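For reference, the structure discussed in these notes is given below.
Model, not experiment: these values are computed from the prediction. Chain identifiers are assigned alphabetically (A, B, ...) following the order of the sequence lines, protein sequences preceding nucleic acid strands; residue numbering begins at 1 within each chain.
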Amino acid sequence: MIIVTYNINSIRIRIAELKQIAEKSNADIICLQEIKVEDSLFPFDEVKSLGFPYIYISGQKSYNGVAILSRFQLYDVQAYEIIDSSHKRHISAKLENGVEIHNFYAPAGGDIADPIINEKFDFKLRFYEALIDWSNEAKNSNRKMIMAGDMNIAPLENDVWSHKQLLKVVSHTPIEVELMEKLRATLGWIDSSRHFVPASEKLYSWWSYRNQDWKKSDRGRRLDHIWLTPNLASCLKSSYIMKEARDFANPSDHVPVVTEINI
DNA sequence: ATGGTTGGACCCCAA
């Protein structure tokens with residue numbers, strides 16, 4: 001089974017890119033973030049025609065919004081409102097065999113890395129504390145879980161273009177990195193991208209729009225992640241980041257993470 | 001130190 005996570009930054013203007021991604025990845029399941037559309041305006045017909053008849057969404061107008069697209073039926077679908085009831089940032093569904101898929105869009109956190117001055121950063125930290133509680137609920141349960149999404153944190157030194165220059169930049173501050181590691185450690189989550197790429201190697205999934213040549217400056221960050229619970233470790237077959245998607249005609253600033261699992 | 005771009009809404013906000 002091939003699972004993809006992709007921050008699409010508006011699904012309605014990026015159907016052509018989604019098509020390319022579906023074809024190149026041969027995805028069975030695509031977790032989307034920032035669909036930026038309310039449920040009633042979701043482009044169901046266009047997405048179905050890409051080979052995903054099963055569509056599970058938690059949308060809102062203008063901001064946020066998550067969706068799971070699937071080639072086969074999923075079960076026990078739940079949409080959550082972590083902390084703030086107006087933010088649609090988490091949807092989950094189960095495979096027929098009971099494996100859980102959780103799709104997240106973590107808050108970006110604003111510009112200033114201080115929770116007292118910047119309430120968006122405070123919200124991001126509280127969101128992660130809530131995620132840690134959510135993950136801890138699965139402790140000792142042996143639930144098989146996949147979590148995918150735009151987590152808006154780049155945890156390792158080589159997950160950003162300059163560790164030193166980004167230490168005070170939201171997405172790579174020590175407090176965020178510590179929270180993400182605390183989340184990872186709850187269940188011993190496996191980072192599928194880093195499972196195949198050593199920590200010494202640069203690896204990014206996002207490049208800002210605010211560079212005239214994203215490839216030349218290459219100031220990327222790895223904000224998008226697919227994690228597995230340890231009881232799925234033996235199923236993890238491969239993973240890659242589809243960097244070429246950043247060069248599509250009308251690209252998102254994020255590119256897809258693609259993970260293959262034998263389940 | 002600053003500003004650079006994009007998307008969706010509305011005459012600005014979030015990323």
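Side-chain atoms of Tyr63(A) lie closest to dC13(B) of the nucleotides dC10(B), dT6(B), dC13(B). For Tyr105(A), the listed nucleotide lying nearest its side chain is dA15(B); candidates were dA9(B), dA15(B), dG7(B).
With rounding to whole Å, Asn64(A) atom CG is found 9 Å from dA14(B) atom C1'. In this structure, His87(A) atom NE2 and dC13(B) atom C1' are separated by 12 Å, rounded to whole Å. Atom-to-atom, CG of Asn118(A) to P of dC13(B) comes out at 15 Å; the value is rounded to the nearest Å. Atom-to-atom, CG of Asn7(A) to P of dA14(B) comes out at 17 Å; the value is rounded to the nearest Å. Put simply, CD1 on Ile35(A) is 16 Å from P on dG7(B), counting in whole angstrom units. Going from atom CD of Gln60(A) over to atom P of dG7(B) covers 19 Å, rounded to whole Å. Look at NZ on Lys61(A): it is 17 Å from P on dC12(B), rounded to the nearest Å. In this entry the distance linking CG of Asn211(A) with C1' of dT5(B) reads 9 Å, nearest Å.
Annotation: ring-ring contact (aromatic ring centres under 6.0 Å, His included) contacts involving residues 9-30 of chain A, sequence neighbours excluded, are absent. Annotation: salt bridge (charged side-chain N to carboxylate O under 4.0 Å, His left out) contacts involving residues 251-263 of chain A, sequence neighbours excluded, comprise Lys237(A)-Glu260(A).
Taking atom C1' in both dG7(B) and dC11(B), one finds a spacing of 16 Å when rounded to whole Å. When the P atom is used for both dA14(B) and dA9(B), the distance is 15 Å, rounded to whole Å. Taking atom C1' on both dA15(B) and dG3(B), the two are 15 Å apart, rounded to the nearest angstrom.
Contact between the side-chain N/O atoms of Lys120(A) and the OP1/OP2 oxygens of dA14(B) is found at a separation under 4.0 Å. Here Arg210(A) does not reach the OP1 or OP2 of dA15(B): none of its side-chain N or O atoms lies under 4.0 Å away.
Under 4.0 Å is where a charged nitrogen must lie from a carboxylate oxygen, and between Lys182(A) and Glu178(A) no such pair does. The residues Glu181(A) and Arg184(A) are annotated as salt-bridged, a charged nitrogen and a carboxylate oxygen being separated by less than 4.0 angstrom. Under 4.0 Å is where a charged nitrogen must lie from a carboxylate oxygen, and between Asp84(A) and Arg89(A) no such pair does.
Ring-plane geometry between Trp227(A) and Trp189(A) is classed as tilted, the angle between the planes lying from 30 to 60 degrees on a 0 to 90 degree scale.
The stretch residues 212-225 of chain A does not touch DNA chain B, since none of its heavy atoms comes less than 4.0 Å from the strand. Residues from residues 106-116 of chain A lying near DNA chain B, meaning a heavy-atom separation below 4.0 Å, are Ala108(A) in numerical order.
The 5' end of DNA chain B is approached more closely, in terms of each residue's nearest nucleotide, by Asn250(A) than by the other of Asn250(A) and Glu34(A). For Arg12(A) and Asp150(A), each mapped to the nucleotide of DNA chain B holding its nearest heavy atom, the one lying further toward the 5' end belongs to Arg12(A).
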Notebook entry, point to check: Given Asn103(A) and Gln33(A), is the side chain to side chain donor-acceptor pair (under 3.5 Å) satisfied, shown in steps?
Noted result: CA-CA 8 Å; Asn103(A) 177 15; Gln33(A) 303 85 36; 2.8 Å; yes

Distance-only check: which donor-acceptor pairs under 3.5 Å involve side-chain atoms of residues 110-119 of chain A, not counting sequence neighbours?
from      : atom 1 : to        : atom 2 : distance (Å)
Asp114(A) : OD1    : Ile116(A) : N      : 2.8
Asn118(A) : OD1    : Lys120(A) : N      : 2.9
Asn118(A) : OD1    : Phe121(A) : N      : 3.4
Asn118(A) : ND2    : Gly109(A) : O      : 3.0
Asn118(A) : ND2    : Ile112(A) : O      : 2.7

What pairs of donor and acceptor atoms, side-chain ones from residues 169-176 of chain A against any protein atom, are under 3.5 angstrom apart with sequence neighbours left out?
from      : atom 1 : to        : atom 2 : distance (Å)
Ser171(A) : OG     : Arg221(A) : NH1    : 3.1
His172(A) : ND1    : Ala154(A) : O      : 2.7
His172(A) : NE2    : His163(A) : ND1    : 2.8
Thr173(A) : OG1    : Glu176(A) : OE1    : 2.6
Glu176(A) : OE1    : Ser171(A) : N      : 2.9
Glu176(A) : OE1    : Thr173(A) : N      : 3.3
Glu176(A) : OE2    : Lys124(A) : NZ     : 2.7
Glu176(A) : OE2    : Ser171(A) : N      : 2.9

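Annotation: cation-pi geometry satisfied between Arg71(A) and Phe52(A) (NZ/CZ under 6.0 angstrom from ring centroid, within 45° of ring axis).
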